[in-house]
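Heads up, the thing below is written out as structure tokens.
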Amino acid sequence: MKSRAKSRTRTASSIRQSVTIPPQLATAVRRIAKEKQLTMSRALVVLAQRSIEAETAARDNLKATYNRFMSEADPERKGEAGKDLIRAIFGQDAIAEDSIR
């Protein structure tokens, strides 16, 4: 008799990973998990996914702002695009407003 091997089609398998996190971070993750009624593992996954999405969005925003700055020909609009680029790199409060005008 031939034995048939079960063939499984895996779409996206999970990888079990053990991590050590600092106590303060563990407390924060535990609080978030409790608030959202998740396990600690699931809360870590959700937080990691959000972080990756935020990093991707920030990178895409930086590329778009850089491209806008480089393609701008009008000096006034190029100055505004330059300020937007500085804000994208260093944060929203990177440019002090001129209060003299």
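On a predicted model such as this, the values are computed, not experimentally measured, just so you know.
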For residues 20-31, which side-chain N or O atoms pair as donor and acceptor with protein atoms under 3.5 Å away, sequence neighbours left out?
residue: Thr27; atom: OG1; partner: Pro23; partner atom: O; Å: 2.9
residue: Arg31; atom: NH1; partner: Glu35; partner atom: OE2; Å: 3.2

How far apart are the closest heavy atoms of Ala88 and Asn61, and which atoms are they?
CB-ND2, 4.3 Å

Atom CG in Leu44, atom CD in Gln17: separation rounded to 0.5 Å?
11.5 Å

Do the side chains of Phe69 and Asp84 get nearer than 4.5 Å, heavy atoms only?
no

How many angstroms lie between atom NZ of Lys78 and atom CZ of Arg68, to the nearest 0.5 angstrom?
11.0 Å

Is Met40 reachable from Val46 through a run of I, L, V, M, F, W or Y residues, each pair having side-chain heavy atoms under 4.5 Å apart?
no

How long is the gap from CG on Leu85 to CZ on Phe90, to the nearest 0.5 Å?
9.0 Å

Heavy-atom check, side chain of Lys83 versus side chain of Glu80, under 4.5 Å:
yes

Less than 4.5 Å apart, any side-chain heavy atom of Lys34 and any of Ile32?
no

So that I can tick it off, tell me whether Lys63 and Asp60 are bridged by a salt bridge, with the cut-off set at under 4.0 angstrom between side-chain N and carboxylate O.
no

Taking all non-hydrogen atoms of both residues into account, name the closest pair between Arg42 and Leu38 and its distance.
CG-CD2, 4.0 Å

Is there a path of hydrophobic side-chain contacts, each under 4.5 Å between heavy atoms of I, L, V, M, F, W or Y residues, that connects Leu62 with Ile52?
no

Candidate pair Ile89 and Arg87, rule side-chain contact (heavy atoms from CB on, under 4.5 Å), full reasoning
CA-CA 5 Å; Ile89 294 170; Arg87 287 186 194 104; over 6 Å; no

Using a 6.0 Å cut-off, check whether atom CD of Glu55 has over 12 heavy atoms from anything other than its own residue.
no

